Amino acid sequence: MAVTRTFSIIKPDATRRNLTGAVTKMLEEAGLRVVASKRIHMTRDQAEGFYGVHRERPFFNDLCTFMTSGPVVVQVLEGENAVQRNRDIMGATNPANADEGTIRKSYAESIEANSVHGSDSDENAKIEIDFFFSPDEIVG
Ligand code: RTP
Ligand code: MG
């Protein structure tokens, strides 16, 4: 299995509850390595750009408001099959449907305030990493 990268966000509901370390620990225990990390306050423009694929969805405006409501931690994660590995440990979008032992089952507050983002394909991982990080900020 190839070592690949994915992009992760620890969302405002999690940073507000001081869960950055707890979430990162679960990512690391799932076999992912944090090769880049920074705490930022997303601008509205950044949120709307990042979630551009969801622009026509009914939850788009609320989602952008939520993602700019407090600090987030953006990360690049590296590991075998990183995209799928990360999505497995994240759990289902709606925490009500998330499996035991996943980040969202453990910590998410709602379908919107669901503690983490993770890229959904290798192609999107590259786009999302490039959106927030320059190459010199990633140390593998
Ligand atoms: P993510 O992109 O954040 O990793 O999560 P995902 O693939 O599981 O979910 P996606 O369908 O891509 O939706 C992106 C984010 O939008 C919020 N959402 N709200 N109110 C709603 O019905 C609703 N549905 C989705 C969540 O924060 C979700 O993670
Ligand atoms: Mg998604």
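What you are looking at is a predicted structure, and each value in this text was computed from that prediction instead of being measured. Order of appearance sets the numbers: ligands from 1, and atoms from 1 within every ligand.
Nearest to atom 10 (P) of ligand 1 by heavy-atom distance, out of Arg57, Glu128, Met67, His54, is His54. With distances taken over non-hydrogen atoms, the option nearest atom 2 (O) of ligand 1 out of Glu112, His117, Arg104 is His117.
In terms of protein heavy-atom proximity, atom 17 (C) of ligand 1 is nearest to Leu63 CD1, 3.7 Å. Looking only at protein heavy atoms, the nearest one to atom 4 (O) of ligand 1 is Gly118 N, 2.9 Å. Protein heavy atom in closest approach to atom 8 (O) of ligand 1: Thr93 OG1, 2.3 Å. Nearest to atom 26 (C) of ligand 1 among the protein's heavy atoms is Ile111 O, 3.2 Å. The closest protein non-hydrogen atom to atom 7 (O) of ligand 1 is Arg87 NH2, 3.0 Å.
Listed by number with element, the atoms of ligand 1 under 4.0 Å from a non-hydrogen atom of Lys11 are 3 (O), 26 (C), 27 (O), 28 (C), 29 (O). Every atom of ligand 1 with a heavy atom of Asn114 under 4.0 Å away is listed here by number and element: 26 (C), 27 (O), 28 (C), 29 (O). Atoms of ligand 1 lying under 4.0 Å from any heavy atom of Met90, numbered from 1 in the order shown and given with element: 4 (O).
Within 6.0 Å of the CZ atom in Arg33, the count of heavy atoms belonging to other residues, nucleotides or ligands does not exceed 12.
Aromatic pair Phe66/Phe59: ring centres not closer than 6.0 Å.
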